[in-house]
Each structure stands twice: as structure tokens, then as C-alpha cells.
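Only one structure is covered here, and it is reproduced in the block below.
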Amino acid sequence: MFDHIDHYPGDPILSLAQAYLRDPCPEKVNLGIGMYYDEAGRTPMLEAVQGAKAILAADLEVTGIDKDVAGYLPMEGCPEYRHAIQCLLFGEDSSAVEGGRIATIQTLGGSGALKVGADLLKQFFPSSEVWVSQPTWDNHQALFAGAGFKVNGYPYYDRSRGGIVFDEMTRVLRSLPAQSIVLMHPCCHNPTGADLTRRQWQEVIDVIAARGLIPFLDIAYQGLGEDLEGDAHVIRSMAVAGIRFLVANSFSKNLALYGERCGGLSVVCQDAEEASRVLGQLKATVRKNYSSPPTYGARLAATVLSNAELKRLWKEELDAMRARIQRMRGRLCHALASRMPMHDFSYLIRQRGMFSYTNLTVAQIDQLREDYSVYLVRSGRLCLTGLNDRNVDYVAEAIATVVGRA
């Protein structure tokens, strides 16, 4: 019956993580998968999340009602969680939030938000095409192609120059037909770590408005670039400009809730009546995918975001995470520059977030893995959080050696 089914080679990032786990080398370093690790190489349990767990446990003890097994959530998800997402992304005093013109649903992580959004857009904009940055996260193309879209690329990053090709990017955006869907990263671009300036973003917003494009923003790393408020600047600017757009967000990285699959999809509409209709279609789309989302992770996130003390603690923890990433950028830049003075590694300092885009070739990346057990995605993306004070010099020495062989 299934003789005609092809072999699946596996996801390149997740397969790399499995290969790392099987590697017996004691010096092995995982710079591949996009997860935050602390200085000890562990995925942290944030104190703010532990505080939220304690509050939920105390509530269970007092009421005797386990809300996590009391029944299904609505298709759109937990109301408190959805409202917390809106305030986090758009601001506590957002007129769009107050005016009820944002339709928000709880989703299965950021990937689930992208999937539901892609399905919704395909239903109501069937002739549109999708445009993603070159490069982008590998799964972006797969998700939209899987929804039936033709996926194209717009210029974004020049590896040889180590920066954004902004003029080429905007030239392409100005050429797109109305209702083209443009996927963009509001902060901490994955995989390059190269973000637009605020002035550049304003020019992009003007182009989007003039051309009647449909922006789909994917923010998976809020708080790890500038801070929670600064990383949401693009989202808030688009809402103020009166643009209708979609936003997928995730709490996997910034709340370290990887396995709970806490995400959200928000659609900014013209008014509350339109938002009500869009929310109805989002619910219908969810019903056709997974019916309803899980409970516990959403309650944890909502508790952190709605409790003033826990939210303050979370911001402090994010500050520490962000500072550690920046310190590792500096350490790696210095270590590489001291070993290869003829090369310019200043791009490591300019980029933001968990990732950097190296100029390593596929052959060099394979050599790093085979000879030194240093694991990078073959595109050249390097996850900074896999570095620490114990291994950064080892990684720099390994990179310098394989580059020197070329």
C-alpha cells in the first residue's frame, strides 16, 4: 500500500541535533539548533516561570479544581493568554487593542501560528504569492508551500559584505503586485542576525502601504535583540500606520517554554467588526487543523505576563540572557580576530539575537563537525547561545584551522 512513499531525509536542523547527541566526543559543541542555553550549557527554567507554576499549584490546592484537565479550551484558546499577547506585542495603551481591531488566537508555537495564518490566507487570497527574505528560516518556505502557495525570495543579505542589501530589497518590494504576502522578521533575523534600522523599517512600511502588500511578521525572539519594547517597534509602527497585517509570535525562546508549544497569531484589522469576522475564520481554520490548543503552557505564560512581580522578574532574566549573548558575540569576535587578523569579524558585533551568519562553506562546516565535533547548520548559521567561556576558544581555534586549510 505504501510502496510508493519516498524516504524523508529529515529536517536539517533537528537531524543535526540528533547527530550531536550521538557524538561521543567530550569537546563537542552544539551551535546548530535555535535554543537558548546558559553558561553551563543547560536550557534554563526561568524563575518567573517557576513562580507561575507555584501560583497555579496554589490555586489548585485552594479550589480543588484542576483547570488543565477541566475540559477543552475554545478553538481560539485561553482568553487571558490572548489578551496578554496583544498587550505584549502592541503595547498596553495600543489604540488597536482598545478598539478591538485585533483578532488573536492561541497556537501550537510559532510554527502553528504560521501554519494557521498560511491556511487562512490561501483561502481568502488564493491567487497571491508569498515572498520571503533570502535567506530565511528553512521552515518558512515549507510551511507556505505546504499551504499551496508559490514561494519566492526577495534580496536581504549579502554574505560577501556581511550586511543587508536594503536598496535591492526595497526595489523588489516596490515591484510586487497588490496583495502579495511578504514574510518579515521584526527583530533578530533568522538566520543572519542582521536587522533593519528603524529608519529602514519606516521606508518598508511606506512601501507596503503604497503597494497594498500583506505583511506577515514572524517574531520568535522578542526581548533577545534590544528589549521587549524595542523588539516590538515594527509591529507597533505598522499598527499606528493603519496597515492590516498578521503577526506570529512564540514564547519558546523568551520564556523557555519549548515543549509547551506556546504561540499566537494576531491579525490587525480595519475595525472591530472586521476583526470579529476574521476571528471566526481563524477559529474555523483551527478546527480543521487541531480543534483546540493545550492549556498548561498558556496559563503559565498568561500568569507571568499578568502578574506585575513575575513580569518584572522575567524582564530581568531576559536582560541577563541578552547580555550573555552579546558577551559571547564579543568573545568570539575577539578570539577569531586574534587568530585570523586578515579577516573582518565585526559583523558578529553588529548582528542581534541568537544567530549569526558566518561565511563558512559547506565543506568547512562539514570539517568542523567531522574533525572537531563543532555542529553548525550547513547554511552557515551559528547559534551564539551554544558558546560559553569554556568552549569559545576551542570553537575559534577550530574555525581558524578549517578556514586556514582553504
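Quick caveat, the model's predicted, so the values are computed rather than measured.
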Can you check whether [X] reaches [Y] side chain to side chain, under 4.5 Å on heavy atoms?
X	Y	value
V204	M169	yes
D389	M328	yes
V182	P215	no
M238	I208	yes
L265	V247	no
K253	Y36	no
V165	Y157	no
S133	H189	yes

Taking the basic N atoms (NZ, or NE/NH1/NH2) and the acidic carboxylate oxygens, is any pair closer than 4.0 Å for [X] and [Y]?
X	Y	answer
R390	E27	no
R339	E397	yes
E316	R312	yes
K288	D119	no
D227	K315	no
E92	K311	yes

Which atoms form the tightest heavy-atom contact between [X] and [Y], and what is the distance?
X	Y	value
I102	A96	CD1-CB, 3.7 Å
P44	A256	O-CB, 3.4 Å
D231	G223	OD2-N, 2.7 Å
A396	A335	CB-CB, 3.5 Å
Y156	L196	OH-N, 4.0 Å
T104	S266	OG1-OG, 2.9 Å

(request) Among N249, N190, N254, find the residue that satisfies the side-chain hydrogen bond (donor to acceptor under 3.5 Å, both in side chains) test when tested with Y221. (result) N190

(message) Applying side chain to side chain donor-acceptor pair (under 3.5 Å) to S128 and Q179, what does each step give before you reach the verdict?
(response) CA-CA 6 Å; S128 293; Q179 297 187 348; 4.6 Å; no

Can you tell me if [X] and [Y] form a side-chain donor-acceptor pair at under 3.5 Å?
X	Y	result
R171	S175	no
Q270	R244	yes
N152	E129	yes

(request) Please identify each residue that fulfils ring pair (Phe, Tyr, Trp, His ring centres under 6.0 Å) with W137, with sequence neighbours left out. (result)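 With neighbours one apart ignored, the set is H140.
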
(request) Taking ring pair (Phe, Tyr, Trp, His ring centres under 6.0 Å) as the test, write out the residues that go with F216, two or more places apart. (result) F144

(message) Set out, in order, the CA-CA distance, both residues' side-chain angles and the distance that settles side chain to side chain donor-acceptor pair (under 3.5 Å) for S373 and R369, then state yes or no.
(response) CA-CA 4 Å; S373 293; R369 183 184 67 253; over 6 Å; no

(request) Walk me through it: do F355 and C188 pass the test side-chain contact (heavy atoms from CB on, under 4.5 Å)? (result) CA-CA 8 Å; F355 302 118; C188 306; over 6 Å; no

(message) Less than 6.0 angstrom from the centroid, inside 45 degrees of the normal: does K28 satisfy that with respect to the ring of Y20?
(response)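 Positive - K28 is close enough to the ring of Y20 and near enough to its axis.
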
(request) Tell me, please, whether Y357 has R159 positioned over its six-membered ring: NZ or CZ under 6.0 Å from the ring centre and within 45 degrees of its axis? (result)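 Yes.
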
Atom [atom1] in [X], atom [atom2] in [Y]: separation rounded to 0.5 Å?
X	Y	atom1	atom2	value
R174	T170	CZ	OG1	4.5 Å
I365	I399	CD1	CD1	9.5 Å
L282	I105	CG	CD1	5.0 Å
L21	N30	CG	CG	7.5 Å
R322	L224	CZ	CG	7.5 Å
I214	F125	CD1	CZ	4.0 Å

(request) Could you go through the side-chain contact (heavy atoms from CB on, under 4.5 Å) check for F245 and I235 one step at a time? (result) CA-CA 9 Å; F245 62 102; I235 296 169; 4.2 Å; yes

(request) Please assess T136 against Y154 for the test side-chain contact (heavy atoms from CB on, under 4.5 Å), listing each intermediate value before the final yes or no. (result) CA-CA 10 Å; T136 192; Y154 60 84; over 6 Å; no

(message) Taking side-chain contact (heavy atoms from CB on, under 4.5 Å) as the criterion, tell me which of L88, L300, V304 meets it with F251.
(response)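 Only one option passes, and that is L88.
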
(request) Return yes when atom CZ of R287 has more than 12 non-hydrogen atoms of other residues, nucleotides or ligands closer than 6.0 Å, and no otherwise. (result)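 At most 12 heavy atoms, drawn from other residues, nucleotides or ligands, come within 6.0 Å of this atom.
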
(request) Take atom CD of Q141 as the centre, draw a 6.0 Å sphere, and report whether it contains more than 12 heavy atoms from other residues, nucleotides or ligands. (result) no

(message) Between R236 and E229, is the salt bridge (Lys or Arg N to Asp or Glu O under 4.0 Å) condition met? List the steps.
(response) CA-CA 9 Å; R236 298 176 186 186; E229 304 298 313; 2.5 Å; yes

(message) Using the rule given for side chain to side chain donor-acceptor pair (under 3.5 Å), can you reason through Y375 versus D23, listing the C-alpha separation, both sets of side-chain angles and the distance that settles it, and then say yes or no?
(response) CA-CA 10 Å; Y375 288 74; D23 192 330; 2.6 Å; yes

